[in-house]
Amino acid sequence: MASLTLTITDTALSLAISTDQNLLEHCLAADLPVTRSCRNGNCGRCDSRLQKGQVQLRNGSIIHAPAIIPLCIAHARSDIHISHIPLVQLPTHWRCQWQNPQTLRLPAGRQTPPRQGDICAILVTHGVETNEIAEINGRNIVLRHPSGNKLESGSASLITIDRDHHGDYSLWREYDGEQQQLWAHLNHPTALVAQAAYQQSGTSGRYLILSD
Ligand code: FES
């Protein structure tokens, strides 16, 4: 297995990498919180600028610098330099209205909608459902699977999450002296995003992240 170097020019970081793991995996292993979701080259979340060198995509095509590449399906074929890596910022959540069990509607006004292919979590009062965004149609967000929620309130918070969101943390709601587990076995970044979204959603209670 060849040992190569990945230089991330905007962080001055240089990593020893191999050809068998993709560039996103290398960045995450170095604790760089790269924005990602689908991990199959569709959503564009992890797109970065290849400044020097060449990579091979999962479909076998070879890309030479300069180019924009999805890190999640790119494997180094030489020493490479990349820049403009998108890093996770403040959690984004959208407060939407249910139109039917498979469609959510964004509120009117300026919004940057989630993207087709994003993996998402829908926060309902008593838990969390994970889903995938199949289509964006104006303000309507069509989900891959119909919700199992009874749609009592008509509204729901939606956040985009990493496809591999599984980990060793749980999200709990504490209200009126009682604790209720909302979501188990998730990774820490996703737990933080979900906690922030619940807190911003105005639902009563305290939201705690506990390790399993
Ligand atoms: S394109 Fe890389 S995570 Fe979606």
Side-chain angles (χ1 to χ4, degrees), residues 4 6-11 13 15 17-78 80-94 96 104 106 111-122 128-137 141-145 158-167 169 183 185-194 196-197:
L4 301 170
L6 165 63
T7 303
I8 300 160
T9 55
D10 29 21
T11 64
L13 196 65
L15 308 173
I17 59 170
S18 60
T19 53
D20 57 337
Q21 279 190 302
N22 66 52
L23 299 180
L24 176 65
E25 289 166 337
H26 283 298
C27 290
L28 296 178
D31 288 331
L32 264 183
V34 179
T35 310
R36 71 274 182 192
S37 180
C38 72
R39 293 198 178 206
N40 56 24
N42 281 341
C43 73
R45 284 284 167 107
C46 67
D47 280 0
S48 303
R49 195 168 294 173
L50 177 65
Q51 291 190 316
K52 200 163 155 190
Q54 55 180 269
V55 297
Q56 182 167 15
L57 301 186
R58 194 183 288 163
N59 66 7
S61 54
I62 302 283
I63 308 282
H64 298 266
I68 302 292
I69 52 164
L71 300 180
C72 62
I73 54 164
H75 295 251
R77 284 293 171 265
S78 69
I80 56 175
H81 285 196
I82 52 177
S83 68
H84 295 76
I85 291 189
L87 298 179
V88 173
Q89 297 165 346
L90 286 177
T92 304
H93 92 272
W94 294 265
C96 304
L104 284 162
L106 288 165
Q111 302 264 355
T112 308
R115 299 188 212 177
Q116 184 175 347
D118 276 355
I119 303 302
C120 62
I122 298 160
V128 179
E129 290 182 357
T130 53
N131 215 310
E132 183 175 339
I133 306 217
E135 193 185 325
I136 308 279
N137 191 353
I141 299 169
V142 182
L143 302 169
R144 178 79 55 211
H145 311 288
L158 177 144
I159 59 174
T160 48
I161 59 172
D162 179 13
R163 186 179 290 270
D164 296 334
H165 58 272
H166 302 284
Y169 294 88
W183 198 357
H185 312 307
L186 69 167
N187 63 30
H188 200 244
T190 299
L192 286 172
V193 172

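Counting starts at 1 for both ligands and their atoms, in listed order.
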Gap between atom NE2 of H185 and atom NE2 of H166 - 0.5 Å precision: 10.0 Å
Salt bridge D164-R36, side-chain N to carboxylate O under 4.0 Å: no
Derivation and outcome, side-chain contact (heavy atoms from CB on, under 4.5 Å), residues N40 and R163: CA-CA 10 Å; N40 56 24; R163 186 179 290 270; 3.7 Å; yes
Metal site atom 4 (Fe) of ligand 1, protein N/O/S atoms found under 2.8 Å: 2
Side chain to side chain donor-acceptor pair (under 3.5 Å) between R77 and Q56, worked out: CA-CA 6 Å; R77 284 293 171 265; Q56 182 167 15; 2.6 Å; yes
T9 versus Q51, side-chain donor and acceptor atoms under 3.5 Å: yes
W94 vs I159 side-chain heavy atoms within contact, under 4.5 Å: no
